[in-house]
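Inspection log for the structure reproduced underneath, given as structure tokens.
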There are 2 protein chains.
Amino acid sequence: MKGTYTYEYPRPSVTTDCVIFGFDAEGLSVLLIERGIEPFKGCWAFPGGFMQMDEDAETCARRELEEETGLKDVHVEQFGTFSDVNRDPRGRTVTIAHFALVKKAQVKGADDAAQAKWFPIGSIPPLAFDHDRILRVALKALREKIHFEPVGFELLPQVFTMPQLQDLYESILEVKFDRRNFANKMLKLGILTEVDDGTIRRGTRNPIKYSFNPESYSQMKAKGFRLEF
Amino acid sequence: MKGTYTYEYPRPSVTTDCVIFGFDAEGLSVLLIERGIEPFKGCWAFPGGFMQMDEDAETCARRELEEETGLKDVHVEQFGTFSDVNRDPRGRTVTIAHFALVKKAQVKGADDAAQAKWFPIGSIPPLAFDHDRILRVALKALREKIHFEPVGFELLPQVFTMPQLQDLYESILEVKFDRRNFANKMLKLGILTEVDDGTIRRGTRNPIKYSFNPESYSQMKAKGFRLEF
DNA sequence: TTGTTTATGTGTGAAAATTACGCAAATTAT
DNA sequence: ATAATTTGCGTAATTTTCACACATAAACAA
């Protein structure tokens with residue numbers, strides 16, 4: 001692979017980066033990797049790397065994601081490209097930024113790979129390059145996206161409770177909802193399936209379990225809709 | 001500028017493209033340029049070109065826009081990056097796609113530059129490269145954007161009428177609204193200023209003139225809002 | 001000129017959606 | 001045991017959306 005490649009005009013490097021969102025009882029967080037080398041040694045960064053000639057951006061982002069964190073088969077989506085002239089001190093680099101949504105519970109063991117660590121969205125350490133800006137844009141993209149698609153379900157375990165779902169929405173949108181109205185709205189969407197876990201008790205501290213119903217959702221999507229919050 | 005530039009690893013070319021939206025009584029349209037050379041000779045394409053080492057993507061898009069169409073000082077915004085391995089038969093190329101919103105009325109004279117031509121959104125000729133896909137994504141981005149920001153005002157003349165504004169929204173969103181409800185909603189937003197053109201008559205075929213009020217809008221934006229349609 | 005058609009502005013009641021809120025039951029904590 | 005918390009359920013009040021009719025002046029047709 002390594003060799004010499006010559007062009008008539010100078011070309012920037014092209015990389016991808018991946019902002020990995022996870023969610024649990026502590027709220028929304030992102031998975032970061034500590035840089036072991038200069039520049040920005042000791043700072044934290046999103047997993048990412050150079051795009052190969054035989055892969056497109058999303059493929060690259062998924063490859064880097066797996067290589068650096070072990071994560072695969074997750075929701076990955078491009079949200080912006082960052083091309084400031086001086087964003088990388090080593091040379092001109094353009095990065096195509098993605099966000100990934102992962103079910104944090106099922107990942108707990110997977111991040112043995114390297115020095116990856118989850119940081120709550122409110123306690124982000126110093127980031128390398130322009131990654132702080134990238135994070136802000138990623139959050140904005142996620143917040144807007146949640147109005148059109150139930151992205152939240154990518155972040156929750158397969159089976160979850162209404163309070164969990166509400167916490168998630170409140171974390172992402174940074175607002176508070178009335179318990180009962182939130183549940184009503186969600187249920188009226190018709191994309192939740194009640195999971196029977198044996199316990200039949202109701203109206204109690206033991207919450208009902210739900211799972212997301214992709215079939216209902218795709219039907220719903222075909223007709224066009226908006227999630228209003 | 002031209003010379004030889006050598007790298008250890010191969011790099012794709014990086015370009016920008018610009019989907020230019022305009023609007024008039026005939027509806028929404030895009031400004032295209034006819035290709036005079038292969039590949040895709042005779043097809044139409046968005047203005048665009050190679051990113052220089054001393055400019056970021058938006059700067060590049062604006063430069064190409066002015067060079068190829070004469071347009072400047074317009075709304076330009078990135079909406080996606082296209083990186084399919086075979087999207088350009090001449091070699092690996094990544095393009096950072098933007099859309100521009102222009103006041104078509106004020107442009108009529110500016111497109112003497114080259115073989116630029118407006119095409120209604122419903123009558124698009126064969127496009128070069130993956131520009132048909134790029135156009136579809138651009139339209140989707142515009143439709144979503146209009147729910148969060150009054151982008152429409154970039155497309156109308158400084159002074160416009162309520163029916164014009166409604167036509168614009170109907171063209172972009174491809175729906176029909178009730179005249180009275182649309183006007184009520186728009187006026188309630190508080191971002192329109194009535195323009196006194198001397199004529200004091202009301203409730204007649206002679207429509208009231210409005211202009212967009214950026215101050216009210218930025219106040220409104222600070223509080224956070226959504227345009228619902 | 002005259003009559004006809006079309007586009008525009010205005011307001012109101014009905015329907016729907018949103019919001020606010022109280023209570024009872026079971027788990028958890030003390 | 002007792003108290004506090006979490007959860008589910010339902011309803012009344014409010015707000016927002018929606019559908020709709022008419023009067024006026026301009027544009028058009030004769």
Side-chain angles (χ1 to χ4, degrees), chain A residues 24-27 146-148 156-157 159-171 173-211 220 223-229, chain B residues 23-27 146-148 152 156-157 159-171 173-211 220 223-229:
Chain A
D24 60 15
E26 272 72 54
I146 210 175
H147 290 287
F148 295 92
L156 288 173
V159 172
F160 52 87
T161 68
M162 193 57 79
Q164 274 182 296
L165 185 60
Q166 180 169 350
D167 282 349
L168 173 63
Y169 272 77
E170 292 181 340
S171 292
L173 296 174
E174 289 183 324
V175 292
K176 287 285 176 191
F177 299 111
D178 178 89
R179 244 171 350 110
R180 297 148 268 188
N181 295 335
F182 180 86
N184 286 338
K185 266 191 198 177
M186 270 296 167
L187 292 173
K188 207 162 28 173
L189 289 176
I191 58 180
L192 293 183
T193 303
E194 199 163 318
V195 173
D196 183 2
D197 66 337
T199 64
I200 321 172
R201 56 224 167 199
R202 216 31 83 74
T204 161
R205 193 159 179 161
N206 190 348
I208 299 172
K209 312 281 193 310
Y210 295 95
S211 69
M220 188 179 167
K223 293 181 188 167
F225 78 106
R226 308 268 313 284
L227 288 168
E228 298 293 350
F229 287 101
Chain B
F23 178 79
D24 60 15
E26 272 73 54
I146 210 174
H147 290 288
F148 295 92
L156 289 173
V159 173
F160 52 88
T161 69
M162 192 59 78
Q164 273 183 296
L165 184 59
Q166 181 169 350
D167 283 348
L168 173 64
Y169 272 77
E170 291 181 340
S171 293
L173 297 175
E174 288 182 326
V175 292
K176 287 285 176 190
F177 299 110
D178 179 88
R179 251 180 30 249
R180 298 150 266 192
N181 295 335
F182 180 86
N184 285 338
K185 267 192 198 175
M186 269 298 165
L187 291 172
K188 208 162 32 172
L189 288 176
I191 58 180
L192 294 182
T193 304
E194 199 164 320
V195 173
D196 184 2
D197 66 338
T199 65
I200 320 173
R201 57 221 167 201
R202 217 32 82 72
T204 162
R205 194 158 178 165
N206 190 349
I208 299 172
K209 312 281 193 309
Y210 295 96
S211 69
M220 188 179 169
K223 292 180 188 168
F225 78 107
R226 309 266 314 283
L227 287 168
E228 299 294 349
F229 286 101

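A, B, ... follow the sequence lines: proteins, then strands. Residue 1 opens every chain.
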Residue mapping more 5' on DNA chain C - nearest nucleotide basis, B/Y210 or B/R205: B/R205
Residues which pass salt bridge (charged side-chain N to carboxylate O under 4.0 Å, His left out) with B/K188, listed by chain and number, not counting sequence neighbours: none
Within the sub-3.5 Å range, which N or O atoms of nucleotides 19-23 of chain D have a protein N or O partner, and how far apart are they?
residue	atom	partner	partner atom	Å
D/dA19	N7	B/N181	ND2	3.3
D/dA21	N7	B/R180	NH1	3.2
D/dA21	N6	B/R180	NH1	2.7

For atom CD of B/Q164 and atom P of C/dA7, their distance in whole Å: 15 Å
Residues which pass salt bridge (charged side-chain N to carboxylate O under 4.0 Å, His left out) with A/E26, listed by chain and number, not counting sequence neighbours: none
Sequence neighbours excluded, every pair satisfying salt bridge (Lys or Arg N to Asp or Glu O under 4.0 Å) that has a member inside residues 161-170 of chain A: A/E170-A/K176
Side-chain heavy-atom pair A/M162, A/I208 within 4.5 angstrom cut-off: no
A/L227 CG - C/dA17 C1' separation (whole Å): 16 Å
A/K188 NZ - C/dA17 C1' separation (whole Å): 7 Å
Side chains of A/L192 and A/F160 in contact at under 4.5 Å (non-hydrogen atoms): yes
Any residue meeting side chain to side chain donor-acceptor pair (under 3.5 Å) with B/S211, in chain and number order, not counting sequence neighbours: none
Separation of A/F182 CZ from A/Y169 OH (nearest 0.5 Å): 6.5 Å
Global bending angle along the helix from C/dT1-D/dA30 to C/dT30-D/dA1, which compares the axes of five pairs at either end, to 10 degrees: 30°
Heavy-atom donor-acceptor pair, B/Q166 side chain to B/F177 backbone, under 3.5 Å: yes
Any donor-acceptor N/O pair, A/E174 side chain to A/S171 backbone, under 3.5 Å: no
Atom pair distance, as rounded to whole Å: CD1 in A/I208 and C1' in D/dT6: 13 Å
Atom-pair distance (CG on B/N206; C1' on C/dT6), nearest Å: 14 Å
Whole-Å distance separating the CG atom of A/L187 from the P atom of D/dT7: 15 Å
Interatomic distance, A/M186 CE vs C/dT19 P [rounded to whole Å]: 14 Å
Rounded distance in Å - NZ (A/K185) to P (D/dG10): 20 Å
